[in-house]
Amino acid sequence: MNDKIESAPHEGRSFAPPATFSETAQPSAAALAALYREAAEDHSGFWARQARRNLSWKLPFTQGLDDSHPPFFKWFADGWLNASYNALDRHLDSRGDKTALIFESDEGTVQRYSYRALHAEVCRFANGLRTLGLHKGDRVVIYLPMGPQAIIAMLACARIGAIHSVVFGGFSADSLRDRIRDAGARLVITADAAPRGGRLVPLKDTVDAALAAGYDTVRQVVVYRRNGAAIAWNREHDIWWDDVVAGQLAVCEPEWVEAEFPLFLLYTSGSTGKPKGVQHSTAGYLLGAMTSMQWVFDPRPDDVFWCTADVGWITGHSYVCYGPLLNGMTQVVFEGVPTHPDPERFWRMIAAHQVSIFYTAPTAIRALMRNGDELPRRHDLGSLRLLGTVGEPINPEAWMWYHRVIGNERCPIVDTWWQTETGAAMIAPVPGVVAAKPGSCTRPLPGIAVDIVDEQGAPVTAPYEGGYLVVNKPWPSMLRTIWGDDARYEKTYFGQFGKQVYVAGDGAHRDEDGYIWILGRIDDVLNVSGHRLGTAEIESALASHPRVAEAAVVGRPHEIKGEAVLAFVVARGERHAAVADGLAAELREWVGTRIGAIAKPDEIRFVDGLPKTRSGKIMRRLLRTVGRGETITQDTSTLENEAILGQLCAAEARASAAA
Ligand code: WT7
């Protein structure tokens, strides 16, 4: 078993919600107890009632869960609906003039969209997409800066039944091309270039590079003019966003789709070199985004919600695009980064837009915490009433700082555990009811059957005993498959404990109060700044360099990023020549071009060989130990090349001496 499921520190502090918060918060303790009871008695019926209450259906469904072909589950399968209708149209009568989006650009300009205005923009763009010949089921890759156009593009796709696949703007041309190809996209939507943290991200150039070897299935590239940057223009394929919407009506009949019809694909890293196209359904996904928003964030009519995630990640799908709009909320959408023009940006924006619910990542909190208490204290953060975190376990020190300095000890903190695959928050406190403990995501939400099991799949009951985090019953917002690869879906998530038990890939334990503590990934997946990276993906990028014979990548604890990428590389030819030539810098850039800047190794160590078992398997666990500078305690007698150990340790000693 992996070290991630063996041990973890104990944290004893507990923070009950302030009485002033609990008094009015929803769900209340009684309401929450009723939800758990109802879900325990009738899992399928519970979710069916939620789906009737929360979603608008064109044609009502008659059945909740269909589990006749596990692990290919269906929810509400004979119902018909439309995602953009649920996010926009149904609010028009009651709150058409309410602000849906407060957009702040990288440069600091602010633009507001009411629900009515957003609806009109989505309809125009959707009509434009239809004019381009897009139909239900066509895949559309969205490679846009974070901002209203990304949301409009997503909702316009949903409106006409096209399946969106958003690719984060930080991914390289190679990564973008792989995703376009795997999805068989007909259309790519991008912008000329996007300012981010004061620098320009050349999105259109990257799309051009991705399509340089051929357009394959892509018929057109829609280009939003973000800032007038000079770009190459391909007359055959390129079309301006403005020309797509010119003359289009601000109303558009939605394409009604079956509940199970795919709403989107989102590529994420796994334990092989090839990213997985996680496929989400329409109704089940929307229901998860909507109910989790209600249970975890206690939305009220006058709230201003701000989730800092980019729409290129699942957090930006569920808690920027869909969740807040489904619930008719007002939210801040931010194009930039927390440190530009200075590390006060978040705090200034919270004060300026009177943000009441703030949801961000531990890595951002740690980075900002480094600048001390003084910077946030310069701003009036009194509008805040609830804080959230997502993406990785939060260390108690960062939690306490968030609580004390940002929340002024008045705001509950919701630590939300979930994944690209789960679609919506799964384990998280209901803020008016459940006391928080720094570093624990607390308890599963209603209708979410989470458990911790041992190697044999038997429940782990003893406190602090580690095990595999699993979900025992299907839930509506779970992924439906991996695009084009049912076998990989089945093997990856349901290959260990049978076709009913979803294996999350995380290790976890419970404490004596039944609180869940996530111990981290137990597969070969890293979590760098809250972003998921596959070690195999980085390894194959490294190995594709002509001077690399072999490479192994492991994670190492990092103060800000959570985990840092450490690569052990066997270079062709002389090891010392590789070091002297600055090959390390070249390889970092190489990985940046193959995958994206987020995947660049923080450190590269050149070695003559990798530690392997006699069957040829790289002993990653040993490399992790070496990378952390810890003493090797594992059994090394199975090593095929034991001599390599001395050299690995010497490389470690050199690295620490240099640091
Ligand atoms: C992995 C999923 C869900 C949106 C962001 C990441 C880790 C996520 C927490 C948390 C501890 C967490 C897990 C999970 N993770 N949230 N609150 N506490 N760990 O989505 O890229 O699909 O990554 O992120 O390891 O498996 P993702």
Side-chain angles (χ1 to χ4, degrees), residues 3-4 6-18 307-309 315 337-339 343-347 350 357-379 381 384 386-417 427-429 431 434-442 464 466 506-513 515-521 526-531 555-566 602 624 627-630 659:
D3 42 356
K4 291 279 173 53
E6 280 167 11
S7 66
H10 294 199
E11 161 66 47
R13 285 170 291 193
S14 170
F15 295 82
C307 166
T308 65
T315 311
V337 299
T339 48
E344 288 170 70
R345 185 72 186 260
F346 273 6
W347 321 132
I350 289 171
I357 310 174
F358 182 64
Y359 188 34
T360 195
T363 183
I365 298 169
R366 285 193 297 267
L368 296 169
M369 179 172 81
R370 267 212 310 201
N371 298 295
D373 302 5
E374 166 63 12
L375 299 189
R377 293 233 152 103
R378 284 183 195 159
H379 304 273
L381 304 181
L384 289 173
L386 181 58
L387 302 172
T389 70
V390 61
E392 58 175 307
I394 184 167
N395 49 311
E397 191 200 355
W399 196 99
M400 287 306 300
W401 185 81
Y402 200 32
H403 169 69
R404 191 171 51 78
V405 180
I406 307 307
N408 202 12
E409 301 183 16
R410 306 177 288 108
C411 304
I413 298 179
V414 288
D415 178 344
T416 60
W417 178 88
I427 313 176
V434 180
K437 297 188 189 187
S440 168
C441 49
T442 76
Y464 301 104
D506 279 319
H509 69 213
R510 287 196 189 84
D511 67 15
E512 56 279 351
D513 298 326
Y515 276 48
I516 293 171
W517 299 74
I518 305 294
L519 306 174
R521 301 287 311 193
L526 306 183
N527 189 327
V528 178
S529 300
H531 299 316
R556 183 182 60 193
H558 184 280
E559 208 187 324
I560 306 284
K561 302 204 268 189
E563 243 177 335
V565 179
L566 169 60
D602 294 85
R624 271 199 296 271
R628 289 165 191 226
E630 293 166 1

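Nearest approach of P343 to L368, heavy atoms of both residues: O-CD2, 3.6 Å. The nearest pair of heavy atoms linking P17 to P431 is CB-O, 3.2 Å. Taking every heavy atom of both residues into account, A364 and F346 meet most closely at CB-CE2, 4.4 Å. Here the shortest heavy-atom pairing between G388 and Y402 reads O-OH, 2.9 Å. For V414 against P429, the heavy-atom pair with the smallest separation is CG1-O, 3.5 Å. Across L386 and P412, no two heavy atoms sit closer than the pair CD1-O, 3.5 Å.
The aromatic rings of F15 and H403 sit tilted, their planes meeting at an angle between 30° and 60°.
Under the 4.0 Å criterion applied to side-chain N and carboxylate O atoms, D415 and K437 are not assigned as salt-bridge partners. Salt-bridge formation is not detected for the pair R556/D602: no Lys NZ or Arg NE/NH1/NH2 atom is positioned less than 4.0 Å from an Asp or Glu carboxylate oxygen.
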### Candidate pair R521 and E392, rule salt bridge (charged side-chain N to carboxylate O under 4.0 Å, His left out), full reasoning
CA-CA 10 Å; R521 301 287 311 193; E392 58 175 307; over 6 Å; no

### Query
T339 and R345: side-chain contact (heavy atoms from CB on, under 4.5 Å), yes or no, with the steps?
CA-CA 6 Å; T339 48; R345 185 72 186 260; over 6 Å; no

### Message
Please evaluate residues M400 and V405 with respect to the criterion side-chain contact (heavy atoms from CB on, under 4.5 Å), reporting the C-alpha separation (whole Å), side-chain torsions for both, the decisive distance (0.1 Å), and the verdict.
### Response
CA-CA 8 Å; M400 287 306 300; V405 180; over 6 Å; no

### Y359 and T315: CA distance, side-chain angles, deciding distance, side-chain contact (heavy atoms from CB on, under 4.5 Å) verdict
CA-CA 10 Å; Y359 188 34; T315 311; 4.0 Å; yes

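A search for side chain to side chain contact (heavy atoms under 4.5 Å, CB included) contacts involving A428 returns V296, T416, not counting sequence neighbours.
When side chains are defined from C-beta on, P557 does not count as touching E563, because their heavy atoms never get closer than 4.5 Å. No side-chain heavy atom of I516 sits under 4.5 Å from any side-chain heavy atom of T442. Side-chain atoms of I406 and L387, non-hydrogen and from C-beta on, do get closer than 4.5 Å to each other. Looking at heavy atoms from C-beta onward, I365 lies in side-chain contact with T389 at the 4.5 angstrom threshold. With contacts defined as side-chain heavy-atom distances shorter than 4.5 Å, the pair I350/F358 qualifies. R13 is listed as a side-chain neighbour of P438, based on a closest heavy-atom distance under 4.5 Å. Two residues are said to be in side-chain contact when any heavy atoms from C-beta on lie closer than 4.5 Å; L381 and P376 meet this criterion. Side-chain atoms of R370 and I560, non-hydrogen and from C-beta on, do get closer than 4.5 Å to each other.
In this structure, OG in S440 is found 12.0 Å from CD1 in I394, a value given to the nearest 0.5 Å. To the nearest 0.5 Å, atom CD of residue E344 and atom CG of residue L375 are 4.5 Å apart. Rounding to the nearest 0.5 Å gives a distance of 9.5 Å between CH2 of W517 and SG of C441. A distance of 11.0 Å separates OG1 of T363 from CD of E559, quoted to the nearest 0.5 Å. Atom-to-atom distance recorded for I427:CD1 and D506:CG is 8.5 Å, nearest 0.5 angstrom.
Applying the salt bridge (Lys or Arg N to Asp or Glu O under 4.0 Å) test to every pair with at least one member in residues 396-413, sequence neighbours left out, gives these pairs: D373-R404.
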